[in-house]
2 protein chains.
Amino acid sequence: MSLSDRKRRILKAIVDEYIENAEPVGSKIIAARSRLDVSPATIRNEMSELEELGYLEQPHISAGRIPSTAGYRLYVNELMQNYALSVSEAEAINMALRTQMLELEKMLREFGSLVSRLTNYTTYTLMPGGSSESVKKFDVFLADSQTAIAVIVTSSGLLKNKRIKLCSPADDSEISAVANLLNTYFTNRTLDDISLSLIKRASFEAGHLAPLVTEIASFAGEVLDSTREGDVYLDGISSILRHPEYRDPEKAQELLTYLTDKKGILRHTHEHFSQDSSPGGIRFSIGTENSDEPLRDAGIVYGTYDLGKNLQGVIGIVGPRRMDYAKVAANLNYFITGFNKLLKDSFFNE
Amino acid sequence: MSLSDRKRRILKAIVDEYIENAEPVGSKIIAARSRLDVSPATIRNEMSELEELGYLEQPHISAGRIPSTAGYRLYVNELMQNYALSVSEAEAINMALRTQMLELEKMLREFGSLVSRLTNYTTYTLMPGGSSESVKKFDVFLADSQTAIAVIVTSSGLLKNKRIKLCSPADDSEISAVANLLNTYFTNRTLDDISLSLIKRASFEAGHLAPLVTEIASFAGEVLDSTREGDVYLDGISSILRHPEYRDPEKAQELLTYLTDKKGILRHTHEHFSQDSSPGGIRFSIGTENSDEPLRDAGIVYGTYDLGKNLQGVIGIVGPRRMDYAKVAANLNYFITGFNKLLKDSFFNE
DNA sequence: TTTAGCACTCAACGCCCCCGAGTGCTAATT
DNA sequence: AATTAGCACTCGGGGGCGTTGAGTGCTAAA
């Protein structure tokens, strides 16, 4: 059975009110604010039913009510109205998109800090992960007679480099031979395809530069391995302390530690996306829906960006459970849409 | 006039005690703990004189005393005894050093997180800055027919790369010609030496790949520009909330915002090093000695690492004013010493 | 010069009480 | 049957108040 229209309007009003003021909301306020023209008593009856249905909870008997996780869930799924981006918000995002930096990392950072400022929540960005990643191209050259630089371009467009000290001196032609060798042996192979015996064979061909080949090959392995789970950037950390629900330093520290640790949020995000496989768009993960303890009073809004070839990155915005889902979703959605278009145009022209 | 030996011992005892317990210390405790064999009354007299001299302050009349900034200063300069690293501390640092990562950035991050864990304070690392930086070597190669990758090695050993989309297709030989061109025109030049007319001349020679040359040249400019002030990494942010002086969320947020903003801490560090030009080693900057408001209740312990050619990086450890200077200094010093040795061996073999 | 003794100060704590917002229930009204 | 006015009840929060105890400064004796 679905809720009566009036119950829905009341619930929405309560969530809106609570999101704004962070204080349990009572029947009187709802009666006054919502254009329902009924008395507080009626609202009270409805509220008590909404509580029975699990959408509201009471912090203590003589206080107003606050939305439960289920209440927020209904709110984000059906009740909340589209937040209209202000001109300045849209403009800021457009600006960030226009800057057209071709480095994925930098763009993500830039956007993270932008959204944190716009919304007052903490942002994290996940680089895409997946085991289908492979090396697209190797390059090796000399920085000086004793130092080689190896550069790796992965299939998803990631760039990584490493400085390697040579045991025995080499000249340019030797080094470019090594680069060729690497390109023939190791390109277009996923991590699982790079076996020890392959490395052995390749380095055998390299003569006195065998150690260099081995080292670069294992560097490639590292890079591919690290892309498996992706990397995390955080921004707007100090926003956490702005919200009254994190007034308690213990609570704040718990969340902060969890977020800066990166492992937890990484696992959690993967988990969320593996079970909620609804198509693109904005998703939410609210309060007790989160299995990780530090997030059980928090809310997360997710968006995904697409790098082709099944590679997906995630942007997440973390706040208290009582966060302004509508506003955050609108901002994130606006950015993600533009970002995905940009990515399609500039990264993958195949 | 310098302080009597007894006053110094009392002051030291007070600082030690306060560092450990974060509570104003009274005469009784000092009489009991310090091996001075005098009565609390005597201590009281001494304390009241120490207060008059500006080394102690009283939070309120009926409480014990806490060290003032001047008190801490005297403590770190003359009183504190060497903290002996525990075996596990030394071992952890050795381990980090042995990992021998040749990427400066990664090493710094690794150490930052290590020290944060060891000491429970927040760590930041500054990449070296200076306007004497130049490009040591360019490399350009094709990732695919429409995308070029440019790699820059700077004189201090920094590695940066960028993906560049081509307007017109090019083949390998054309690209390596571009690389040669860049190397002849732009290597060993500081930012100030790279003029617009130089860029114009170089790109003129590049024919239809002129846009590529211009873009890489300006990328080089960006890189050199960014090395001017260096980059900041933070670690152990959540430690801030562990200390009772930051129980107040407002205070914590102030410091957190200041630190994550990076501009402030960067400027502050430069400022500190420009006026305190004592030779290497560990330095301190305590409480009100800091001109920036958010740091006036904080303490910082600095160490510098050396990249040759007047390039210096800084590692800073931030905590409450009542931080364990001895312990932090010992850890930092141990690391810095080893790190500098390592840097000398592996980065600069000229 | 040191110290015992003592009066004094004041933050912190616990206690109590009151206030008021908000509830649930009941009975009257529509 | 739904709504609402009225009312008793609950309970967290805040203010006032006295107590406690750690710590001080001063004085006078050792």
Side-chain angles (χ1 to χ4, degrees), chain A residues 1 3-11 13-18 20-68 71 244-245 247-248, chain B residues 1 3-11 13-18 20-68 71 244-245 247-248:
Chain A
M1 173 222 108
L3 260 45
S4 75
D5 186 55
R6 192 169 67 183
K7 280 205 181 53
R8 298 164 68 92
R9 289 182 62 181
I10 291 174
L11 179 56
I14 292 173
V15 178
D16 282 335
E17 188 68 27
Y18 186 60
E20 193 175 341
N21 296 321
E23 261 161 38
V25 348
S27 53
K28 213 178 285 180
I29 294 170
I30 296 303
R33 302 271 162 97
S34 80
R35 299 230 154 279
L36 276 172
D37 272 334
V38 288
S39 78
T42 310
I43 305 279
R44 270 205 294 285
N45 289 329
E46 296 283 52
M47 282 168 84
S48 125
E49 280 172 54
L50 280 168
E51 182 173 359
E52 240 158 74
L53 292 166
Y55 295 111
L56 295 178
E57 30 190 68
Q58 248 178 330
H60 51 263
I61 188 107
S62 73
R65 272 143 172 128
I66 63 173
S68 68
E245 25 275 277
R247 187 98 33 97
D248 171 17
Chain B
M1 171 223 108
L3 259 43
S4 76
D5 186 55
R6 192 170 66 184
K7 279 206 182 53
R8 299 165 65 92
R9 290 181 61 181
I10 291 175
L11 180 56
I14 292 173
V15 178
D16 282 335
E17 187 67 26
Y18 185 59
E20 193 175 341
N21 297 321
E23 261 161 37
V25 350
S27 54
K28 215 178 284 180
I29 293 172
I30 296 303
R33 304 270 162 98
S34 80
R35 300 228 154 281
L36 275 171
D37 272 334
V38 288
S39 78
T42 312
I43 305 279
R44 271 205 294 284
N45 289 329
E46 295 283 52
M47 282 168 83
S48 124
E49 279 172 56
L50 280 168
E51 181 173 0
E52 237 158 76
L53 292 166
Y55 294 111
L56 294 178
E57 29 192 68
Q58 248 177 330
H60 52 262
I61 187 107
S62 74
R65 269 136 172 134
I66 63 174
S68 69
E245 25 276 278
R247 186 99 32 99
D248 172 17

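Because only heavy atoms are used, hydrogens play no part in the values below, and waters and symmetry mates are left out as well, while side chains stay in. Each chain gets a letter, A, B and so on, in the order its sequence line appears, and its residues count up from 1.
For the atom pair CG (B:Asn45) and CG (B:Leu50), the distance works out to 11.0 Å, reported to the nearest 0.5 Å. Atom CZ in B:Arg9 sits 9.5 Å away from atom CD1 in B:Ile43 (nearest 0.5 Å). With rounding to the nearest 0.5 angstrom, the CG atom of A:Asn21 is 7.5 Å from the CD1 atom of A:Ile29. Atoms CD1 and CD, from B:Ile66 and B:Glu23 in turn, are 11.5 Å apart once rounded to the nearest 0.5 Å.
Taking the C1' atoms of five terminal pairs at each end of the helix from C:dT1-D:dA30 to C:dT30-D:dA1, the two resulting helix axes are inclined by 20°, rounded to 10°.
In this structure, A:Ser27 reaches the C:dT23 phosphate: one of its side-chain N or O atoms is under 4.0 Å from OP1 or OP2.
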Test log, rule side chain to side chain contact (heavy atoms under 4.5 Å, CB included), inputs B:Glu46 and B:Ile30: CA-CA 11 Å; B:Glu46 295 283 52; B:Ile30 296 303; over 6 Å; no
Quick one, A:Tyr55 with A:Leu3, criterion side chain to side chain contact (heavy atoms under 4.5 Å, CB included). Give me CA distance, side-chain angles, the key distance, then yes/no. CA-CA 11 Å; A:Tyr55 295 111; A:Leu3 260 45; 3.9 Å; yes
Residues A:Ser39, A:Thr42; criterion side chain to side chain contact (heavy atoms under 4.5 Å, CB included); working and verdict: CA-CA 5 Å; A:Ser39 78; A:Thr42 310; 3.4 Å; yes
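What separates CE of A:Met47 from P of C:dA21 is a distance of 16 Å, to the nearest Å. Separating the CD atom of B:Glu17 from the C1' atom of D:dG23 is a distance of 15 Å, rounded to the nearest angstrom. What separates CG of B:Leu50 from P of D:dG25 is a distance of 12 Å, to the nearest Å. A:Ile29 places its CD1 atom 16 Å from the P atom of C:dG20, with the value rounded to the nearest Å. Rounded to whole Å, the distance from NZ on B:Lys28 to C1' on C:dT3 is 15 Å. Spacing between atom CG of A:Asp37 and atom C1' of D:dA2 amounts to 16 Å, rounded to whole angstrom units. D:dG25 atom P lies 11 Å from atom CG of B:Leu56, rounded to whole Å.
For the segment residues 38-46 of chain B, residues with any heavy atom less than 4.0 angstrom from an atom of DNA chain D are, sorted by number, B:Arg44. Of the residues in residues 57-67 of chain B, those placing a heavy atom less than 4.0 Å from an atom of DNA chain C are B:His60, B:Ile61, B:Ser62, in numerical order.
Between B:Gly64 and B:Pro59, the closest heavy-atom pair is O-CD, 3.3 Å. The two residues B:Tyr18 and B:Pro24 have their closest heavy-atom pair at CE1-N, 3.9 Å. Nearest heavy-atom pair, B:Gly26 versus B:Met47, reported as atom, atom and distance to 0.1 Å: C-CE, 4.3 Å.
Looking at B:Arg6, B:Arg65, B:Lys7 one by one, the single match for salt bridge (Lys or Arg N to Asp or Glu O under 4.0 Å) with B:Glu49 turns out to be B:Lys7.
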